[in-house]
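Counting starts at 1 for both ligands and their atoms, in listed order. Worth knowing before you read on, the calculation uses all heavy atoms, side chains too, and leaves out hydrogens, waters and symmetry mates. What you see is a predicted model; the values in this text were computed from it and never measured.
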Amino acid sequence: MGFTYNPLIYSHKSPLDLREHSFYNKNKCSTEVRSVDNRVILHCDLNNFFASVECLFRKDLAGLPVAVCGSVENRHGIVLAKNEIAKGFGVKTAQAIWQAQLKCPKLVIIPPHYDKYLEFSRRAREIYERYTDMIEPFGIDECWLDVTGSQTLFGSGEKMANEIRTAVKKELGVTISAGVSFNKVFAKLGSDMKKPDAVTVLSKENFKEKAWPLKANEILGVGRSTEKSLRGLGIFTIGDLARTPENVLSAALGKHGRVLWKYANGLDNSRVIRDCEQPPAKTIGRSMTCKRDLENNADVKRVFFALAESVTHSLRENKAMAGTVQITIRDSLLNIQEHQQRLTMPTRLTTILTYTGMEIFTRHWDWRRPVRSVGIRACELVSEGENYQLTFDHDYEKLEQLERLEKSIDTIRGRYGDDALVRAILI
Ligand SMILES: [Mg+2]
């Protein structure tokens with residue numbers, strides 16, 4: 001059986017990712033700015049990123065509508081990115097390939113090359129680093145830059161944004177759009193307002209005139225379901241959102257309502273958080289879509305094993321243990337189920353994760369339909385050193401032995417690559 005990791009899991013920015021993002025960090029003291037009043041924040045967004053990189057390497061694609069798509073064979077048959085020409089035909093990200101081809105019959109479809117994108121992402125960041133070390137990446141193609149302290153050296157935020165834009169185009173051959181503002185939310189909004197290869201300034205003086213007429217879903221934090229709730233309240237634009245009394249929003253949307261009201265009024269004061277300051281992951285999960293449907297428990301167990309190995313590897317890297325195991329099951333009709341189970345003691349053993357996953361799976365799945373993809377996630381993470389309640393139904397010596405074995409597997413893989421050791425169950 002062949003396996004492919006689902007690239008979307010790593011690249012797609014779903015509302016869920018946003019919830020785990022620093023804006024929503026409970027520890028407000030560390031994420032909000034208190035002292036600096038007049039900040040200058042840039043948001044740089046690489047335009048049509050995957051498609052732009054592909055077109056650089058394929059001069060034969062010049063002038064053609066191009067879409068980078070997950071492969072049909074692996075069933076990720078959707079558009080991941082498209083160039084401007086394809087966009088003109090109405091091709092949209094996340095559209096199924098067949099839908100895109102209806103809109104644009106001559107569409108050239110190419111598979112993604114993630115290593116190339118990572119390389120370009122890194123090189124863009126090197127350009128940003130010439131201006132500040134306060135950089136917060138958001139996905140593979142976006143970054144916030146706090147350039148407040150860089151103005152004495154390099155001039156205004158707008159000037160820096162234009163220099164960065166020119167340097168990226170000249171040195172990498174791809175373009176960015178940049179937003180310049182006094183907070184992160186408006187900087188991001190600005191980078192969406194004019195693209196490709198453009199700079200938009202949203203200042204304290206002009207944001208009401210420029211941002212408020214835009215649709216509410218343009219602002220960070222308004223996804224499809226929030227947009228629907230807002231429409232129910234008669235809120236269609238960012239200005240509507242700003243002018244609605246805060247208590248009306250929080251009554252309808254809870255905490256999120258209050259956050260959105262702040263965003264719309266230019267009161268977002270979250271900091272640009274560098275990589276090294278990012279809070280540790282709250283959950284660690286992997287999922288996989290298989291080349292053929294899974295048809296029995298043995299199939300599922302094999303996949304769980306492979307996924308659990310990757311999860312426990314990340315757990316060891318993050319010096320964390322799983323308190324709860326969660327699985328997702330997607331069947332051939334694309335229905336999704338999620339179930340979880342608390343562990344009697346925290347673990348990061350592949351074996352335990354897999355067997356717990358299987359326990360949950362067999363409890364909930366009746367095989368009326370084949371399974372298209374499964375996922376396994378370590379939740380309620382505790383850190384390595386944290387004390388946890390010991391129970392007596394475990395053979396600790398055996399567990400420690402297993403832990404040592406799995407650690408040495410990591411070491412061998414680290415040295416010789418992932419294929420150096422393949423568990424018997426996967427062969
Ligand atoms: Mg982009």
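Using the six-membered ring where Trp is involved, Phe138 and Trp144 have ring planes that are tilted, between 30° and 60° apart. Between Phe57 and Phe120, the ring planes are perpendicular. Angles over 60° get that label, and only those under 30° would be called parallel.
Looking only at its N/O/S atoms, Asp141 has OD2 as the one nearest to the Mg ion (ligand 1).
Among the backbone and side-chain atoms of Asp45, an N/O/S atom is found under 2.8 Å from the Mg ion (ligand 1). For Leu46, the nearest N, O or S atom to the Mg ion (ligand 1) falls under 2.8 Å.
Taking the six-membered ring for Trp and the full ring otherwise, Tyr114 and Phe50 have centroids separated by under 6.0 Å.
Considering Ile327, Val374, Thr350 in turn, Val374 is the only one that fulfils the side-chain contact (heavy atoms from CB on, under 4.5 Å) rule with Leu307.
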